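What follows is a single structure, written as structure tokens, with notes after it.
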Protein chains: 2
Amino acid sequence: MSESGKRYKAMVDKLKEHNHKLTPQRLAIIKILSQSEGHPSVEDIYRELQRNFPGISEATVYRNILLIKSLGEVLELGFAGEGTRYDGRKPHPHPHIVCVTCRKIIDPDLESLNQMTKEITQESGFEILTYRLDFFGICPECCRKKE
Amino acid sequence: MSESGKRYKAMVDKLKEHNHKLTPQRLAIIKILSQSEGHPSVEDIYRELQRNFPGISEATVYRNILLIKSLGEVLELGFAGEGTRYDGRKPHPHPHIVCVTCRKIIDPDLESLNQMTKEITQESGFEILTYRLDFFGICPECCRKKE
DNA sequence: CTTTCTGCAAAAATTTTGCACGGAC
DNA sequence: GTCCGTGCAAAATTTTTGCAGAAAG
């Protein structure tokens, strides 16, 4: 099964497990979340849905994302200056690299992260629950085009 | 001179350098930005200002923060779920630790960061321009209260 | 004096909520 | 049949914009 297929199934299972109904709108939303590589906004998801659900309401998108978020199946990414965006493919915290030119987002592996979390815990005395790490830069493709 | 005094002066200089007028409202806003340790929101700044400027407008706060941001003298921190917050004391990127209980934000020192940026550059081929790193957890004070 | 800045109010833009109907189970 | 979920509209937020008058330089 494809990666997005697995994510879709995991979300459906989580909904069933918590006795939430599987409405067509709800399923369509999790399908988009499980497939979108571009970290879509509510507005993106709403527009995408309108192709198959002409009468769908924005409130439905907001309410379902709220629900899916409460189940821990989507990662919410607030950016200053633009609306909140969502990652349903990898719902657990992970670093991103965002190309400021083409807005592409890549998920790198980072050895140093566990080390860093330890350092933070020791220095601050906080009980660290989660984190958010984004690098912003220009991707190799856009670097080439610049010249 | 105090740290906040230096920041205040740096912001005033930057305003002069770019031929922006030094209105009382503007000066009051940069004074708050240079002194606030709590990473205030626009709303926080607006309320604070009302003590000395009863008739001040929210639009003035928004417009001035936009200006100061364009001069690179304040760091904008967008969080999903709550409004944008600002750091005028350290306008260049640095890590934060956010207490999810009392919303306090503190600035830790982190040795591992340069190392990490190198790792990212090598792995991704991106030209890294900036980053954003926030840890979320429960601060020592709130940990204690919980029990 | 000139140009920018401010306050006010209206307008956008974004997210939440109340309510009655409809559909999943 | 029973609830939960949806669509719609209104409300609550948050941020931006237009304009006339005020004030900094």
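Order of the sequence lines sets the chain letters (A, B, ...), proteins ahead of strands, with each chain counted from 1. Everything quoted here is computed from the prediction, not taken from an experiment.
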Flag this pair as yes if the NZ/CZ of B:Arg132 is under 6.0 angstrom from the six-membered ring centre of B:Phe79 and inside a 45 degree cone about the axis; otherwise no.
yes
Go through C:dT6, C:dT17, D:dT15 for me and flag the one nearest to the A:Arg63 side chain.
C:dT17
Looking only at side-chain N and O atoms, does A:Arg26 come under 4.0 Å of OP1 or OP2 in D:dT6?
yes
Using whole Å, what does the distance between atom C1' of nucleotide D:dA24 and atom NZ of B:Lys21 come to?
5 Å
Side chain of A:Thr60, heavy atoms from C-beta onward: which of D:dG25, D:dG7, C:dG23 has the nearest atom to it?
D:dG7
Give the rounded distance in Å between these two atoms: CG of B:Leu67 and P of D:dA24.
17 Å
Starting at the 5' end of DNA chain C and moving along, which residue's nearest nucleotide shows up first, B:Asn19 or B:Ala59?
B:Asn19
Taking atom P of C:dC5 as reference, at what distance in whole Å does atom NE2 of B:His18 sit?
13 Å
Looking at C:dG7, I'd like to know if its phosphate oxygens (OP1 or OP2) sit under 4.0 Å from a side-chain N or O belonging to B:Gln25.
yes
Picking from D:dT6, C:dT15, D:dG5, which would you name as closest to the side chain of A:Thr84?
C:dT15
Value in whole Å for how far the P atom of D:dT16 lies from CD1 of B:Ile65
10 Å
When you check the phosphate oxygens OP1 and OP2 of C:dC5, does a side-chain N or O of B:His20 lie under 4.0 Å from one of them?
yes
Relative to the ring of A:His20, is the ring of A:His18 parallel (under 30°), tilted (30 to 60°) or perpendicular (over 60°)?
parallel
Identify whether any heavy atom of A:Leu22 sits under 4.0 Å from a base atom; if not, whether one sits that close to sugar-phosphate; answer base, sugar-phosphate or nothing.
sugar-phosphate
Do B:Arg47 and B:Glu43 sit within salt-bridge range, that is, some charged N less than 4.0 Å from a carboxylate O?
yes
Here's a test for you: under side chain to side chain contact (heavy atoms under 4.5 Å, CB included), which of A:Ile68, A:Ile30, A:Val12 qualifies with A:Glu73?
A:Ile68
Could you tell me how far apart A:Ile45 (CD1) and C:dT14 (C1') are, to the nearest whole angstrom?
14 Å
Measure the distance from CG on B:Leu27 to C1' on D:dG25 and round it to the nearest whole Å.
14 Å
Counting the atoms with a prime plus P, OP1 and OP2 as sugar-phosphate, which does B:Pro54 contact under 4.0 Å by heavy atoms, base, sugar-phosphate, or nothing?
nothing
C:dT15 phosphate, OP1 or OP2: any side-chain N/O from A:Tyr62 under 4.0 angstrom?
yes
Whole-Å distance, B:Phe53 CZ to C:dC5 P, equals 16 Å
Is B:Asp44 reaching over with its side chain to a backbone N or O of B:Ser41, donor-acceptor style, under 3.5 angstrom?
yes
At under 4.0 Å between heavy atoms, what does B:Glu58 touch on the DNA or RNA strands: base, sugar-phosphate, or nothing?
base
Can you tell me if A:Thr23 touches the phosphate of C:dG23, counting only side-chain N or O atoms and a distance under 4.0 Å to OP1 or OP2?
no
Check A:Lys69, A:Glu76, A:His39 against A:Tyr86 for a side-chain hydrogen bond (donor to acceptor under 3.5 Å, both in side chains) and give me the one that passes.
A:Glu76
How would you label the contact of B:Asn64 with the nucleic acid (heavy atoms, under 4.0 Å): base, sugar-phosphate, or nothing?
sugar-phosphate
Remember a base hit wins even if backbone is also touched, and classify A:Ile56 as base, sugar-phosphate or nothing at under 4.0 Å, heavy atoms.
sugar-phosphate
Tell me the interatomic distance from A:Glu43, atom CD, to C:dA13, atom C1', rounded to whole angstroms.
10 Å
